[in-house]
Amino acid sequence: MTSATMALAPAYNPGSWSTFFTLTGTVAATLTGLFFVAFSLRVRDLQLSVVIRTRAAYLLVLLVVIVLYSAFVLMPGQSRAAVAAEILIVSVVSVAYLVGWCLPRLVRLAVFSVDLVVRWIAGVTGLLLGIGAGISLLIGNGGGLYFLAFGSLLLIANEVASAWSLIVGIGKDTGAKDIMLVGQPMPEGPPAGQLAAEEDGSRAVPGQ
């Protein structure tokens, strides 16, 4: 075995990555729990905004992906080919979900900003690194699990940035178009005309 082959050996040995993927899986699982707590405080926003619901959905999907990556690598008794196949399936299905369901909804609503586009590119890049890791493991050449490690770290960083944007600056990168569902009942209150009259002081005095 050459020195180059020895240096690459950990890339194809899931057992060498137990500590690393235990860490990433724990981080992703913790973030998932925190997301559900945060979203529970934004139930009304989730109910009323298609944009926010779509973003929340893909954030949770990417967190589940990180947990699955970690679980498959840590699962004992699997062959390298089995781990590669699992990583490929999760990555391909996730890319199809983001590109085939989430992205068309946002395009249709025309709610993009530079920040949002950058986060989407980072998320898809992390999944593409997962696909690269699966292919590399299957053929026994290339970066192997190093691709998956960098992809997982990129997804975690992207999740933190996206969560901050969604929870703290909710609606700001939707171009002031926090879309309300069609047919959503309007909150009860005085008619708009009455409010306008009261604001400009032109409300009629009773008896006149």
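No hydrogens, no waters, no symmetry mates; every other heavy atom, side chains included, goes into these values.
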key: Residues L138, L88; criterion side-chain contact (heavy atoms from CB on, under 4.5 Å); working and verdict   = CA-CA 10 Å; L138 280 177; L88 276 174; 3.6 Å; yes
ask   = Given L59 and L63, is the side-chain contact (heavy atoms from CB on, under 4.5 Å) satisfied, shown in steps?
value = CA-CA 6 Å; L59 286 176; L63 282 174; 5.8 Å; no
inquiry  = Let's go through I131 and L128 carefully: what are the C-alpha distance in whole Å and the side-chain angles of both, what is the deciding distance for side-chain contact (heavy atoms from CB on, under 4.5 Å) to 0.1 Å, and is it a yes or a no?
reply    = CA-CA 5 Å; I131 293 175; L128 292 178; 4.1 Å; yes
task = Apply the test side-chain contact (heavy atoms from CB on, under 4.5 Å) to residues F21 and L148: give CA-CA distance (whole Å), side-chain angles for both, the deciding distance (0.1 Å), then the verdict.
result = CA-CA 10 Å; F21 282 104; L148 190 67; 3.7 Å; yes
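Checked by atom type and distance alone, the side chain of S16 never pairs as donor or acceptor with a backbone atom of P10 at under 3.5 Å. A donor-acceptor pair under 3.5 Å is absent between the side-chain atoms of E159 and the main chain of L62, judged by distance alone. Of the possible donor and acceptor atoms, one in the side chain of T32 sits under 3.5 Å from a partner among the backbone N and O of A28. Looking only at distances, a side-chain donor or acceptor of S136 sits under 3.5 Å from a matching main-chain atom of N141.
Scanning all heavy atoms of the two residues, the minimum distance from R119 to A161 falls at CD-C, 4.1 Å. Across all non-hydrogen atoms, the minimal contact from G144 to A133 is O-CB, 3.4 Å. F150 and L129 get closest at one heavy-atom pair: C-CD1, 4.1 Å. Here the shortest heavy-atom pairing between A122 and L154 reads O-CD2, 3.5 Å. Shortest non-hydrogen contact noted between Y12 and G142 is OH-O, 2.6 Å. Between Q78 and V83 the shortest heavy-atom distance is NE2-CG2, 3.8 Å.
Neither I89 nor L155 shares a network with the other; the hydrophobic side chains, linked directly or stepwise wherever heavy atoms of I, L, V, M, F, W or Y lie under 4.5 Å apart, form separate groups for each. In the hydrophobic cluster analysis, where Ile, Leu, Val, Met, Phe, Trp and Tyr join through side-chain heavy atoms closer than 4.5 angstrom, V67 is grouped apart from V61. Follow the hydrophobic side-chain contacts under 4.5 Å out from V93 and you never reach V65; the two are in separate clusters. Hydrophobic clustering (side-chain heavy atoms under 4.5 Å, transitive across Ile, Leu, Val, Met, Phe, Trp, Tyr) groups V92 together with Y97.
Of the inter-residue distances, the one linking L68 atom CG with S94 atom OG reads 8.0 Å to the nearest 0.5 angstrom. In this structure, the separation between CG on N13 and CG on L137 is 10.5 Å, given to the nearest 0.5 Å. Taking CD1 of I156 as the reference point, atom CG of L31 lies at 7.5 Å (rounded to 0.5 Å). A distance of 9.0 Å separates CG in L127 from CD1 in I66, rounded to the nearest 0.5 Å. The line from CD1 of I135 to CD1 of I87 is 11.5 Å long, rounded to the nearest 0.5 Å.
Using bins of under 30°, 30° to 60° and over 60° for the plane-to-plane angle, the ring pair W17/F20 lands in the perpendicular bin.
A donor and an acceptor atom, one from each side chain of S91 and Y69, are located under 3.5 Å apart. Side-chain polar atoms of S152 and T24 form no donor-acceptor pair below 3.5 angstrom.
With a 4.5 Å cut-off on side-chain heavy atoms, F36 and L60 count as touching.
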